[in-house]
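First up is the structure itself, then whatever we jot down about it.
Note that the structure is predicted; figures quoted are calculated from it, not measured.
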Amino acid sequence: MTTTFTPFNVSCYNKLHEKFQFLFEPELINEICKTGMVKTYKEGSVLMEIGQTLSHMPLVITGSVKVMKEDKEGNELLLYYLELGDTCAVTLSCCTKPSKSTIKAITESDAEILFIPVEKMEEWMVKFKTWRGFVLDSYNVRMNEMLDAIDNLAFNNMEERLYKYLRDKVMITKESKLHITHFQIANELHSSRVVISRLMKKLENEGLVIQHRNYVEVKEFM
DNA sequence: ACATTAAGTGATT
DNA sequence: AATCACTTAATGT
């Protein structure tokens, strides 16, 4: 490669190959390398605000991103997480015409994100069959995840939602000690601190978690 | 020692 | 399950 500007570092390139070599043809991977831009983020960086215009679609290389809905009072509700190879369905649905984000995205851990200009989306959709498959598949996966989230919201009580939330968080961070306060949890689940404190107490009595100040240890799950 | 912030609790809606 | 009002406990300055 003789280009003066190489937006890719070796690690990202390898990761991309690792993940997609059997999914994408080499020409497509080359295209991605040519037009994609990798950015690294610290934990807690805001990738997307509601109302922000989206010009690129994100593809997670390392780390994880949480996607949430937020109302005008700033109350938030967690929708789902993105991990390696995941892309955001909301972006996909908007890629045909320039539009604004309806969600907020924040990195859950330090992360490397690959950005692909939305113009390339359509181009690749017709040019690469594997890309088309990938996009449709991603859309499908997200759709199902959303349905799960709605189901959880509609039919499960707070205690179950809280427990699911803690489990997901442990899965995503691969860490059984979660550095989070009751207040933060309450916000993500769109509940109140008092309610979470009471339910956490309950979970603790059931032996599922051990509580400390500023963090919880999730004992057993699955 | 004091202020600040996280977590616990009883009562009320 | 949410909110209020208050207490208790941990932590930082």
Side-chain angles (χ1 to χ4, degrees), chain A residues 39-52 58 60 62-84 86 88-90 93 100-113 141-222:
Chain A
K39 280 191 186 169
T40 62
Y41 292 93
K42 289 247 164 56
E43 176 181 347
S45 308
V46 179
L47 298 185
M48 191 68 70
E49 275 291 358
I50 291 171
Q52 201 172 318
V60 179
T62 61
S64 54
V65 175
K66 72 179 169 196
V67 176
M68 59 187 115
K69 195 88 198 159
E70 193 181 54
D71 67 17
K72 51 250 170 221
E73 276 94 47
N75 301 311
E76 40 192 36
L77 176 67
L78 185 99
L79 292 178
Y80 51 79
Y81 290 101
L82 301 176
E83 285 183 289
L84 170 61
D86 287 340
C88 182
V90 181
S93 69
K100 296 186 190 278
S101 173
T102 56
I103 49 89
K104 186 176 175 182
I106 294 182
T107 52
E108 178 74 7
S109 60
D110 290 356
E112 291 168 294
I113 318 278
V141 168
R142 282 311 138 211
M143 170 72 99
N144 285 326
E145 237 173 45
M146 292 284 247
L147 289 177
D148 272 355
I150 291 173
D151 185 82
N152 186 26
L153 197 57
F155 300 116
N156 286 341
N157 57 32
M158 251 308 160
E159 188 171 359
E160 280 172 287
R161 286 180 58 204
L162 174 61
Y163 187 57
K164 272 198 166 94
Y165 168 84
L166 293 173
R167 265 183 37 190
D168 279 0
K169 199 101 167 163
V170 169
M171 300 285 224
I172 285 290
T173 57
K174 296 175 187 67
E175 172 65 74
S176 62
K177 291 184 179 70
L178 302 175
H179 293 260
I180 193 161
T181 65
H182 291 181
F183 182 74
Q184 290 172 293
I185 297 171
N187 277 336
E188 301 223 317
L189 293 179
H190 203 235
S191 177
S192 69
R193 202 272 308 161
V194 191
V195 172
I196 298 300
S197 289
R198 291 203 163 109
L199 293 175
M200 286 294 276
K201 197 84 204 160
K202 218 166 155 187
L203 290 178
E204 189 173 40
N205 289 334
E206 288 164 21
L208 297 170
V209 298
I210 297 176
Q211 300 202 81
H212 309 265
R213 190 188 166 89
N214 283 314
Y215 74 98
V216 254
E217 204 174 334
V218 180
K219 265 307 174 195
E220 29 189 303
F221 52 95
M222 289 188 202

I'd like to know if the side chain of A:T62 pairs up with that of A:E112 as donor and acceptor (distance under 3.5 Å, no hydrogens or angles considered). yes
Rounded off to whole Å, could you give me the [atom1]-to-[atom2] distance for the [X] and [N] pair?
X: A:R193; N: C:dT8; atom1: CZ; atom2: P; value: 15 Å
X: A:R161; N: C:dA1; atom1: CZ; atom2: P; value: 9 Å
X: A:H190; N: C:dA2; atom1: NE2; atom2: C1'; value: 12 Å
X: A:M200; N: B:dA7; atom1: CE; atom2: P; value: 8 Å
X: A:N156; N: C:dA1; atom1: CG; atom2: C1'; value: 15 Å
X: A:H182; N: C:dT8; atom1: NE2; atom2: C1'; value: 14 Å
X: A:L199; N: B:dA7; atom1: CG; atom2: P; value: 14 Å
X: A:K202; N: C:dA1; atom1: NZ; atom2: C1'; value: 11 Å

Could a donor-acceptor pair under 3.5 angstrom be found where the side chain of A:R213 meets the base of B:dT5? yes
Identify whether any heavy atom of A:S192 sits under 4.0 Å from a base atom; if not, whether one sits that close to sugar-phosphate; answer base, sugar-phosphate or nothing. base
More 5' along DNA chain B: A:Y215 or A:R198, using each one's nearest nucleotide? A:Y215
Starting the side chain at C-beta, find the nucleotide from [options] nearest to [X].
X: A:V195; options: C:dA2, B:dA6, B:dT9; result: C:dA2
X: A:N157; options: C:dA1, B:dA6, C:dC4; result: C:dA1
X: A:S197; options: B:dA7, C:dA1, B:dG10; result: B:dA7

To the nearest 0.5 Å, what is the distance between CG (A:L208) and CD (A:E159)? 8.5 Å
Spacing of NE2 belonging to A:H179 relative to NZ belonging to A:K169, to within rounding of 0.5 Å: 11.5 Å
Distance-minimising heavy-atom pair for A:Y215 and A:K177: CE1-CD, 4.0 Å
On a heavy-atom basis, which atom in A:K201 and which in A:Q211 lie closest, and how many Å separate them? N-NE2, 3.9 Å
Quick one: is A:Q211 getting a side-chain N or O under 4.0 Å of the B:dG8 phosphate, OP1 or OP2? yes
